[in-house]
Number of protein chains: 2
Amino acid sequence: MKFAKIPMATITRLSVYMRTLQDLLEDDVDVISSERLARLCGVNPAQIRKDLAYFGEFGVRGVGYRVGDLLGQIKDILGLTRRWNLAMVGLGNLGSALVRHANFLKHGYTFTAAFDVDPQKVGKRLPNGLLINHVNEIEEVVKDRDVNVGIITTPASAAQSVANQLVLAGINGILNFAPVQIQVPDCCHVENVDFTISLDTIAYHLSVSG
Amino acid sequence: MKFAKIPMATITRLSVYMRTLQDLLEDDVDVISSERLARLCGVNPAQIRKDLAYFGEFGVRGVGYRVGDLLGQIKDILGLTRRWNLAMVGLGNLGSALVRHANFLKHGYTFTAAFDVDPQKVGKRLPNGLLINHVNEIEEVVKDRDVNVGIITTPASAAQSVANQLVLAGINGILNFAPVQIQVPDCCHVENVDFTISLDTIAYHLSVSG
DNA sequence: GAAGTTATGTGAATAATATCACATAACTGT
DNA sequence: ACAGTTATGTGATATTATTCACATAACTTC
């Protein structure tokens with residue numbers, strides 16, 4: 001691939017470009033300029049070119065980018081040409097909704113395991129047929145079903161313990177929806193999603209500007 | 001409130017500090033150093049001090065920060081000492097789960113309106129008693145119930161049209177869960193939440209590192 | 001096939017952000 | 001009240017990220 005140090009922000013944006021390119025492909029657009037793509041993604045055109053330049057030359061000067069090609073290249077860069085198996089830990093309102101949420105499937109992610117501690121839930125099946133295991137079966141089930149990424153939607157109090165078990169089971173990617181900073185070894189990559197933080201920044205902006 | 005230009009990243013972190021301080025308060029910790037708080041929040045201690053310095057001096061040298069005081073100060077900075085009313089637009093899996101999600105309430109946010117287009121849903125009430133209105137009633141209802149922030153959890157295809165209506169209704173803060181870049185006038189502040197992007201960055205990290 | 005047009009790729013310039021390092025101020029104990 | 005200790009507040013420095021600006025390459029037209 002490439003050996004320069006890639007800015008984290010670049011990776012995030014590649015994912016945004018990918019989404020937009022997917023839409024464009026569905027609309028049968030086959031060539032797009034960095035300028036137009038930039039407008040659609042809400043970024044600067046030079047930014048897009050710089051981001052892509054970290055990985056190679058994917059465009060045609062004077063023309064633009066072939067939508068299908070670029071989409072394929074970005075998927076390749078992000079490692080999305082293979083299958084990724086997910087485990088959902090915590091099947092409350094949010095966890096249940098996310099398992100059902102179409103976007104994961106659309107992007108090639110598959111839930112192969114689900115966990116909770118509630119005896120009412122353990123042993124039952126989700127609408128998609130997935131069996132709910134008990135959280136203390138994580139290690140066994142994760143290995144068995146080749147889970148690559150764990151998604152934590154437990155209460156904050158349980159998140160660290162769940163993270164520990166996921167790491168122990170050999171997982172090194174965690175998407176954390178619990179509103180705590182979980183501690184993991186360096187081998188494990190954690191992404192936090194906390195929409196109350198986003199809401200707070202909105203509140204701040206409204207407070208100072210209006 | 002302040003006069004220097006505040007980095008966006010600072011605001012985001014203030015919200016993180018706030019969460020942690022809230023937990024500390026519940027645990028009856030009354031003083032904390034930037035170093036310990038930093039560890040809990042996963043940031044650099046100097047970062048915390050710098051962030052706070054934009055707004056004043058809140059600590060005691062040689063001692064640390066009084067947890068309760070600092071919490072109050074940050075809430076004040078972020079504009080969270082008042083009430084914020086939310087409207088949920090789109091009551092699919094995700095929207096319904098979020099309305100029920102305890103975190104919003106915990107942070108002082110209140111849902112005062114909910115919208116959908118599905119005739120099956122319009123006219124019904126959510127578990128919390130909130131009446132579901134039709135999306136084309138947004139302007140009227142938003143004004144009537146003093147909604148400050150709109151949350152969009154519609155399919156991507158509907159997001160822009162919903163955003164337009166929210167703006168028209170006088171809303172200038174939007175939390176967007178739909179996987180599209182919505183266009184709004186400058187007066188309106190949009191925060192995007194897209195967990196498939198977070199998942200993609202995890203996939204990337206797993207791909208390059210092992 | 002030469003001139004004109006367009007949009008990429010990229011070094012240089014700028015801006016934003018994070019970290020260091022230490023002077024400063026508040027507590028503690030003698 | 002003074003010396004010792006601790007942790008803040010902040011200027012200086014380092015790092016990272018974004019934008020500009022233009023040379024370069026591919027297509028188009030005459």
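This is a predicted model, so every value here is computed, not measured. Note: hydrogens, waters and symmetry copies are ignored here, and every other heavy atom, side chains too, is used. In what follows, every chain begins at residue 1, and chains take the letters A, B, ... in the order their sequences are listed.
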Verify, without hydrogens or angle tests, whether B:N176 (side chain) and B:V180 (backbone) share a donor-acceptor contact under 3.5 angstrom.
yes
base_contact_polar (D:dT18 base, A:K50 side chain, donor-acceptor, <3.5 Å)
no
Looking at every strand, decide which applies to B:A53 at a 4.0 Å heavy-atom threshold: base, sugar-phosphate, or nothing.
sugar-phosphate
Below 4.0 Å: OP1/OP2 of D:dT8 and any side-chain N or O of B:S34:
yes
Any side-chain N or O of A:Y54 less than 4.0 Å from the OP1 or OP2 oxygen of D:dA17?
no
Between A:V60 and A:T10, the residue closer to the 5' end of DNA chain D by nearest nucleotide is A:T10
Under-3.5 Å donor-acceptor pair between B:R61 side chain and C:dT24 base
yes
Quick note, A:R13 side chain, CB onward, closest among D:dT18, D:dT19, C:dT8 is D:dT18
Listed nucleotide nearest any side-chain atom of B:S33, set D:dT8, C:dT8, C:dC27
D:dT8
Name the residue closer to the 5' end of DNA chain D, choosing between A:P7 and A:R49 according to the nucleotide with the nearest heavy atom.
A:P7
Looking only at the side chain of A:Q47 (C-beta and beyond, no hydrogens), which of the listed nucleotides D:dT18, D:dG9, C:dC27 gets closest?
D:dT18
For A:D200 and B:Y109, which I'm curious about, is there any donor-acceptor pair between the side chains at under 3.5 Å?
yes
Is the B:F195-A:H101 ring centre distance short of 6.0 angstrom?
yes
Between B:L21 and B:I32, does a side-chain contact (heavy atoms from CB on, under 4.5 Å) hold up when you go through it step by step?
CA-CA 9 Å; B:L21 289 168; B:I32 189 153; 4.2 Å; yes
